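Report on the following structure.
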Amino acid sequence: MGLQQGFVTWFVGVLFLSTLLLSSADVHHYEFFVRESNFTKLCNTTTLLVVNDSYPGPEIRVHRGDTVFVNVHNQGNYGFTIHWHGVKQPRNPWSDGPEFVTQCPIQPGTNFTYEIVLSDEIGTLWWHAHSDWTRGSVHGAFIILPAKKETYPFPTPDADQTVILESWYDGDYKQIIDDALAAGVSPRQPNAYAINGHVGDTYGCPNDTIFRMQVDSEKIYLLRIINAAMNEHFFFTIANHTLTVVAQDASYVRRFTRDYILISPGQTMDVLVSANRNVGQYYMAIRPFSDSSAAPVDNITTGIFQYTNSEGGLNASLITLPVMTDTDAMINFLDQIRNTNVSQNPGINVPADKDIKTRAFIAIAVNNLPCNTCVLGTRLVASLNNVSFVSPRIDILQAYYNRNMSGVFTEDFPLNPPVFYNFTGDLTNFNTPIEEGTRVIVVNYGEGVEMVLQATQMGAGGSHPIHLHGFSFYWVGTGFGNFNNKTDPSTYNLVDPPLINTVHVPGRRWVAIRFFATNPGVWFMHCHLERHSSWGMDTVLIVRNGKTKKTSIRPPPSTMPRCPGT
């Protein structure tokens with residue numbers, strides 16, 4: 001039944017795209033030159049690895065259903081990969097990007113061309129390095145406009161503006177995490193937050209620049225907001241203006257209006273704003289959100305929403321953002337997000353109970369392991385179901401596809417925690433055994449999958465943005481406390497759940513997601529708080545081939561980067 005449903009899902013998707021695109025898809029080519037450049041912020045000059053000498057990097061702007069080739073030239077000092085966050089890459093995990101999961105790094109002095117295959121994604125996504133912490137400076141927007149003859153399911157905006165939210169460090173991002181891992185401690189906090197590479201006017205350096213968005217009175221603007229921060233969820237607002245959310249993670253949602261949004265690392269949101277206030281200059285602003293005892297620095301970073309021909313100064317008192325620890329503001333915002341049944345979205349196709357063949361209940365935790373060479377005699381690790389992911393030295397996709405390599409991974413990731421405890425209670429002085437390994441989940445093509453992601457109070461507790469490569473999934477449920485598999489499924493929203501690729505799992509709560517495994521390949525799943533992913537809060541989902549060529553992984557390109565020592 002699951003395989004039949006999976007085939008139907010794939011076939012309906014093909015019909016949807018074929019009807020929508022009418023064979024009008026285009027092919028685009030980009031050149032990325034990745035090298036070190038100097039940037040001055042906070043009255044200090046820092047050398048960063050960036051793309052085409054820009055921070056953030058160049059924007060990719062194409063239409064729905066197009067194919068994009070990006071030739072990445074490594075002119076830096078160490079290897080890296082690039083991931084196209086939120087692009088499903090049907091049957092093409094070879095160009096998905098996570099280091100040692102689907103490929104080995106592009107070494108200095110070499111290049112590799114990614115083939116990015118778009119399907120039903122629409123709106124705002126992004127690209128970023130997927131090696132160590134290199135994504136902190138190697139990232140940019142990936143804008144997917146409606147296909148030719150396709151319209152927006154909301155009033156057509158007069159213009160759009162990309163807004164990338166970032167963590168700014170005075171220092172080399174890779175070196176920061178390398179030093180922290182060697183010492184067994186948490187990496188240091190960023191020196192500032194940034195909007196489109198500008199740190200604004202709140203950090204005390206007179207030479208700092210502020211991002212300005214020029215607008216005309218009575219025009220409607222579509223903001224394409226990307227949280228590219230390393231470890232910070234953000235509240236975002238524009239003073240004295242309302243924000244209408246229309247899409248998340250390249251899928252349209254039912255429109256709703258707030259005076260702020262909450263966006264987690266990895267997520268994207270499309271937001272309409274009308275320039276319908278008195279002509280003037282208004283602050284846009286971001287501030288971190290945290291429900292963890294390991295809180296970020298509570299800085300506010302500013303930009304300016306500037307009407308044409310406006311005069312006069314700015315009024316900081318007009319910035320109204322929730323306080324950093326306002327969990328009610330977080331929950332109230334998340335509760336508003338719903339799918340929308342518009343022709344521009346794929347038909348809502350949530351796996352029913354009878355379709356679910358694989359169920360996983362995954363406890364998310366931060367832990368400690370002994371370490372004789374570390375500062376405190378222990379080192380921080382993170383885990384999913386008590387397994388802390390270890391990155392292999394040969395990529396998992398190559399080992400799986402070729403079937404001639406042993407010892408790279410094992411197919412025994414636990415689908416339940418090995419120990420059940422009061423996940424959201426007081427866990428002071430409580431610990432559970434942690435194993436390190438490269439253990440993956442394997443499912444059959446077409447089957448329905450349900451994952452319940454349970455936040456725990458192990459370590460500092462708090463929220464986790466969990467991202468699954470290769471899929472958009474339905475966020476069908478959430479609740480406070482420990483998940484109850486007898487009663488909580490009755491609360492699931494199977495009617496209009498959001499279709500997303502990165503889900504915010506709030507502290508002391510659980511979320512449930514469902515999807516059909518109709519994309520064969522090797523797909524990374526991880527926390528998008530970068531320190532947690534670096535500590536091992538990751539796993540891999542392998543979807544076996546179906547019975548036909550069109551439901552099987554494509555052959556690899558001959559130009560895949562070679563793994564070290566091979």
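All residue numbers in this chain count up from 1 along the given sequence. As a basis for the values below, the full set of heavy atoms in this structure was taken, side chains included, without hydrogen atoms, waters or symmetry mates. Not measured: the values here are computed from a predicted model.
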- Query: Yes or no on side chain to side chain contact (heavy atoms under 4.5 Å, CB included) for Thr40 and Asn207, after CA distance, side-chain angles and deciding distance?
  - Reply: CA-CA 9 Å; Thr40 300; Asn207 298 325; over 6 Å; no
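- A donor and an acceptor atom, one from each side chain of Thr244 and Thr257, are located under 3.5 Å apart.
- Across Ile144 and Ile122, no two heavy atoms sit closer than the pair O-CD1, 3.6 Å.
- The shortest side-chain heavy-atom distance between Met213 and Leu223 falls under the 4.5 Å cut-off.
- Looking at heavy atoms from C-beta onward, Trp475 lies in side-chain contact with Leu334 at the 4.5 angstrom threshold.
- Atom CG of Asn309 sits in a sparse spot, with 12 or fewer heavy atoms from other residues, nucleotides or ligands closer than 6.0 Å.
- Annotation: the span from Ile304 atom CD1 to Leu314 atom CG amounts to 4.5 Å, rounded to 0.5 Å.
- At distances below 3.5 Å, at least one donor-acceptor pair connects side-chain atoms of Asp488 with backbone N or O atoms of Asn484.
- A donor-acceptor pair is defined here as one N or O able to donate and one able to accept, closer than 3.5 Å; such a pair exists between the side chain of Asp66 and the backbone of His63.
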Using distance only, find each side-chain donor-acceptor pair of residues 503-512 under 3.5 Å and give its atom names and separation, not counting sequence neighbours.
| from | atom 1 | to | atom 2 | distance (Å) |
| --- | --- | --- | --- | --- |
| His504 | ND1 | Ser264 | OG | 2.8 |
| His504 | NE2 | Ser463 | OG | 2.9 |
| Arg508 | NH1 | Thr424 | O | 2.7 |

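- For the side chain to side chain contact (heavy atoms under 4.5 Å, CB included) criterion with Thr162, the lone passing option out of Ile225, Ile143, Thr268, Thr124 is Ile143.
- For the pair Thr539 (side chain) and Met525 (backbone), a donor-acceptor distance under 3.5 Å is absent.
- Of the possible polar contacts, none joining the Thr67 side chain to the Val117 backbone as a donor-acceptor pair under 3.5 Å is found.
- Heavy atoms only, all atoms of each residue included: Tyr474 and Asn339 are closest at CE2-ND2, 3.8 Å.
- With hydrogens and angles disregarded, no donor-acceptor distance shorter than 3.5 Å links the side chain of Asp158 to the backbone of Tyr221.
- Taking both residues in full, the closest heavy atoms of Met330 and Leu262 are given as CG-CD2, 3.2 Å, listed atom of the first, atom of the second, then distance.
- Separating the CZ atom in Phe305 from the OG1 atom in Thr237 is a distance of 11.0 Å, to the nearest 0.5 Å.
- For residues 247-260, the set of pairs meeting the salt bridge (Lys or Arg N to Asp or Glu O under 4.0 Å) definition, not counting sequence neighbours, comprises Arg254-Asp496.
- The pair Arg64-Glu121 does not count as a salt bridge, with every side-chain nitrogen at least 4.0 angstrom from each carboxylate oxygen.
- Applying the side chain to side chain donor-acceptor pair (under 3.5 Å) rule to Asp298 yields the partners Arg287; only residues at least two apart in sequence or on another chain are considered.
- Put simply, the side chain of Phe236 reaches to within 4.5 Å of the side chain of Ile238, judged on heavy atoms.
- Ring geometry, Tyr114 versus Trp84: the interplanar angle exceeds 60°, so the pair is classed perpendicular (tilted spans 30 to 60°).
- Counted by atom type alone, Asp201 and Thr302 present one or more donor-acceptor pairs between their side chains at under 3.5 Å.
- Listed by chain and residue number, Arg212 satisfy the side chain to side chain donor-acceptor pair (under 3.5 Å) test with Gln281 (two or more places apart in sequence, or in another chain).
- The ring pair (Phe, Tyr, Trp, His ring centres under 6.0 Å) contacts involving residues 189-210 comprise Tyr193-Phe234, where partners must be two or more places apart or lie in separate chains.
- Using a 4.5 Å heavy-atom cutoff, the side chains of Ile164 and Ile195 are not in contact.
- Side chain of Tyr173 to backbone of Met230: no donor-acceptor contact under 3.5 angstrom is found.
- The backbone N or O of Ala294 sits less than 3.5 Å from a side-chain atom of Ser292, completing a donor-acceptor pair.
- Evaluation of the disulfide (SG to SG under 2.5 Å) test over residues 197-302, restricted to residues two or more places apart or in two chains, returns Cys43-Cys205.
- The shortest distance between side-chain heavy atoms of Ile82 and Phe32 falls below 4.5 Å.
- Atom CG in Asn44 sits 4.5 Å away from atom CG in Asp170 (nearest 0.5 Å).
- Judged by distance alone, with hydrogens and angles left aside, the side-chain atoms of Asp270 form no donor-acceptor pair with the main-chain N or O of Val245 at under 3.5 Å.
- Taking 4.5 Å as the limit, some side-chain heavy atom of Phe39 sits within range of a side-chain heavy atom of Val50.
- Ser534 contributes atom OG, which lies 11.5 Å from atom CD1 of Ile176 (distance to the nearest 0.5 angstrom).
- For the atom pair OG1 (Thr242) and CZ (Arg277), the distance works out to 6.0 Å, reported to the nearest 0.5 Å.
- Between His467 and His83, the ring planes are tilted. Angles from 30° to 60° get that label.
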- Message: Under the criterion side chain to side chain contact (heavy atoms under 4.5 Å, CB included), I'd like the reasoning laid out for Phe516 against Val449: C-alpha separation, chi angles, the key distance, then a yes or no.
- Response: CA-CA 6 Å; Phe516 284 109; Val449 178; over 6 Å; no
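- Side chains of His233 and Asn227: a donor-acceptor N/O pair is absent below 3.5 angstrom, by distance only.
- Heavy atoms only, all atoms of each residue included: Met537 and Ala365 are closest at CE-O, 3.3 Å.
- Between the Glu150 side chain and the Leu145 main chain, no donor and acceptor come within less than 3.5 Å of each other.
- Between Met324 and Ala295, the closest heavy-atom pair is CE-CB, 3.9 Å.
- Side-chain contact of Tyr492 with Glu450: a donor-acceptor pair under 3.5 Å is present, judged by distance alone.
- Applying the side-chain hydrogen bond (donor to acceptor under 3.5 Å, both in side chains) test between Asp96 and each of His130, Lys88, His85, His469 identifies His469 as the sole match.
- A 4.5 Å side-chain heavy-atom check between Pro190 and Glu232 finds at least one atom pair inside the cut-off.
- Between Trp127 atom CH2 and Tyr30 atom OH the span is 11.5 Å, to the nearest 0.5 Å.
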- Task: Begin with the C-alpha distance, continue with both residues' side-chain angles, and end with the deciding distance and a verdict on side-chain hydrogen bond (donor to acceptor under 3.5 Å, both in side chains) for Asp538 and Ser533.
- Result: CA-CA 6 Å; Asp538 323 292; Ser533 185; 2.7 Å; yes
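- Residue Ser131 comes nearest to Thr81 through the heavy atom pair OG-N, 2.8 Å, listed as atom of the first residue, atom of the second, then distance.
- Two rings, from Phe333 and Phe235, have their centers 6.0 Å or more apart.
- Using a 4.0 Å cut-off between charged side-chain N and carboxylate O, Asp26 and Lys148 make a salt bridge.
- Within 6.0 Å of the CG atom in Asn278, the count of heavy atoms belonging to other residues, nucleotides or ligands does not exceed 12.
- Using a distance-only test at 3.5 Å, with no hydrogens or angles considered, no donor-acceptor pair links the side chain of Ser95 to the main chain of Asn92.
- Ring geometry for Trp523 versus Phe471: interplanar angle over 60°, hence perpendicular rather than tilted (30 to 60°).
- Neither side chain, Asn501 nor Ser472, offers a donor N or O lying under 3.5 Å from an acceptor on the other.
- Contact annotation: the side chain of Phe142 approaches that of Val68 to within less than 4.5 Å [non-hydrogen atoms, C-beta and beyond].
- A tilted orientation is assigned to the rings of Tyr307 and His241, their planes being inclined by 30° to 60°.
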